[in-house]
**Student:** 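Below: one structure in structure tokens.
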2 protein chains.
Amino acid sequence: MLKNGSQTSARGSAKRQPRSQRGPYAPGVQRRQELLEAVLRIVASHGVAAVTHRAVAAEAGAPLRATTYYFATKEAMIRDAFRFFAEQSILQIDEASGRYLDRDVGPEDAVALIFETVVKESRNPNTSWAAEFELVLAIAREPSFAPEYRAFQDRLDEGLQLAMRRIGSRHPARDARIVLAFLRGFELEQLSRPERKTWQRRMKADLAGLITALVAGSDPKP
Amino acid sequence: MLKNGSQTSARGSAKRQPRSQRGPYAPGVQRRQELLEAVLRIVASHGVAAVTHRAVAAEAGAPLRATTYYFATKEAMIRDAFRFFAEQSILQIDEASGRYLDRDVGPEDAVALIFETVVKESRNPNTSWAAEFELVLAIAREPSFAPEYRAFQDRLDEGLQLAMRRIGSRHPARDARIVLAFLRGFELEQLSRPERKTWQRRMKADLAGLITALVAGSDPKP
DNA sequence: ACGAAGTTGATACATTTGTATCATGTTGAA
DNA sequence: TTCAACATGATACAAATGTATCAACTTCGT
């Protein structure tokens, strides 16, 4: 599996910047990131267990030696990949939610915002749901993986609370938790139904119904 | 990891039933089930990737040979374990929901029912959430794992729809989907917070709020 | 008691994997 | 050009793993 003939380093003769000008994206850093992206792609498609030095190198089109060169150990490689995942996710959230910050929003806009922020962007293999679920399971077994993910989740929660508050929720914290749990659970179910192709419509409808219900009829203890 | 000195078959001299009386729980079947339970325990605690013949044998206190004797291949073993998982889950659902069938239920009872049915019972290592999530990810990559899980999910959905209908929901199908997704998502988050010990109270509260909101304020298209 | 079916013992072997080693190439600043 | 840092080549090796093999033991119906 994952046999990829292109072992021959596709960028063997890439021109380098002068060392003094090396910013955070100079080669080395770039190759490192290519490896991390390869790791995430493998995690999303075949699971953490399928992450091996050889598979990562093949997936990234990098020499095998690069994996042990850039990462002291396999666990470090996976850890850094998850960190990268969290960072990328936060960036995507901020970028997407920035497109909605200035508008006044009603429930429909909230649905669109949430959908674009949490759902659509996660089609990116770097931030896919499958990878996220793998990360969560990894955390359950190795709690030291938790911090980066926590930051990402806090950012998500914060954005959702803001959205809920703007559309008139009287329990923004609680409603944000509920909405986020719903989204995760819904997406998880989709993973178990690989044949479904038309889940987005239903998800939007259910999400709209959920949000409407939450902001409308909810004052148990005023 | 998982080193367990008790290789010596703990039931080497178990008395056997006459073969003619062997029902579905005769020895052989029993050992097989012990192996499947061992598989599920390993899946829940260390993931599918940690399922090896040797680890399963050690966990079950069975001889290594038993694993290759009862299962043609490792994949068959895992497949059967997941089948077993789904069957056990359905049994637990039916048993727990049976305790509520005769009563008239309001939202509070629905919360208690759902909590006992879906949440509490899943503390059993045979039917834990971690194992279920592993199963879902396995399905995402190997769709042939899906059927048994589908049956389990349908049973859950059916029960939830019934509960929602009984407490006055006007969109039982939709609300059942929402509640189920919420439960899954909430539990998934708990996995990423191994330090939390007091999530049950919050989950019950959020679940109650969600259900109340759903049955109260939801008639967008009557 | 006997024999066939069921179950276990003991061992082997090719693969895959993580990681180490030492030498070779490549780049950029001096 | 020259040198030191950066990066890759090529290969090695012990450990873990899936699975096969063949012999020995247990159990139970006859």
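The chains referred to below are lettered A, B, ... by the order of the sequence lines, with proteins before strands, and numbering in each begins at 1.
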**Student:** What integer distance in Å separates F71(A):CZ from dT19(C):P?
**Tutor:** 13 Å

**Student:** Using atom NZ of K74(A) as one end and atom P of dT17(C) as the other, report the distance to the nearest whole Å.
**Tutor:** 9 Å

**Student:** Do any side-chain nitrogens or oxygens of T73(A) fall under 4.0 Å of OP1 or OP2 in dG18(C)?
**Tutor:**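 The answer is no; no side-chain N or O of T73(A) sits under 4.0 Å from OP1 or OP2.
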
**Student:** Let me know the distance between CZ of R32(B) and P of dT8(C), rounded to the nearest Å.
**Tutor:** 14 Å

**Student:** Check nucleotides 22-25 of chain C for protein N or O atoms closer than 3.5 Å to its own N or O atoms and list the pairs.
**Tutor:**
unit_1  : atom_1 : unit_2 : atom_2 : d
dC22(C) : N4     : R65(A) : NH2    : 3.4

**Student:** Using the ring centroid of each side chain, check whether F82(A) and F85(A) are separated by less than 6.0 Å.
**Tutor:** no

**Student:** Between the side chains of R150(B) and E195(A), is the shortest nitrogen-to-carboxylate-oxygen separation below 4.0 Å, so that they form an ion pair?
**Tutor:**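 Yes, charged N to carboxylate O under 4.0 Å.
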
**Student:** Pick base, sugar-phosphate or nothing for V51(B), based on heavy-atom distances below 4.0 Å to the nucleic acid.
**Tutor:** sugar-phosphate

**Student:** From the list dT8(C), dA7(D), dG18(D), which nucleotide is the closest neighbour of the side chain of Y70(A)?
**Tutor:** dA7(D)

**Student:** Considering only heavy atoms and no angle criterion, is a donor-acceptor pair shorter than 3.5 Å present between the side chain of R31(B) and the base of dG6(C)?
**Tutor:** no

**Student:** Without decimals, in angstroms, what is the distance between L64(A) CG and dA12(D) P?
**Tutor:** 15 Å

**Student:** Less than 4.5 Å apart, any side-chain heavy atom of E87(A) and any of L91(A)?
**Tutor:**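 They are not in side-chain contact.
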
**Student:** Decide salt bridge (Lys or Arg N to Asp or Glu O under 4.0 Å) for E134(B) and R141(A); before the verdict, give the C-alpha distance in whole Å, the side-chain angles of both, and the deciding distance to 0.1 Å.
**Tutor:** CA-CA 13 Å; E134(B) 289 278 347; R141(A) 284 159 202 147; 2.7 Å; yes

**Student:** I'd like to check L191(B) versus I139(A) (side-chain heavy atoms, cut-off strictly below 4.5 Å). Are they in contact?
**Tutor:**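 Not touching, per the 4.5 Å side-chain cut-off.
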
**Student:** Do we see a donor-acceptor contact under 3.5 Å between the side chains of Q88(A) and Q92(A)?
**Tutor:**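 No, Q92(A) and Q88(A) have no side-chain donor paired with an acceptor closer than 3.5 Å.
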
**Student:** Can you confirm whether the side chains of S89(A) and R155(A) place a donor and an acceptor under 3.5 Å from each other?
**Tutor:**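 No donor-acceptor contact under 3.5 Å links the two side chains.
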
**Student:** Using a cut-off of less than 4.0 Å, is there contact between a side-chain N or O of H53(B) and OP1 or OP2 of dT17(D)?
**Tutor:**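 So the side-chain polar atoms of H53(B) never come under 4.0 Å of the phosphate oxygens OP1 or OP2 of dT17(D).
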
**Student:** Starting from P on dG9(C), measure out to CZ on R54(B) and report it in whole angstrom.
**Tutor:**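 Distance, rounded to whole Å: 15 Å.
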
**Student:** Quick one: which of dT19(D), dG18(C), dT8(C) gets closest to the side chain of T68(B)?
**Tutor:** dT19(D)

**Student:** dT17(D), dC6(D), dG18(C): which one has an atom nearest the side-chain heavy atoms of Y69(A)?
**Tutor:** dC6(D)

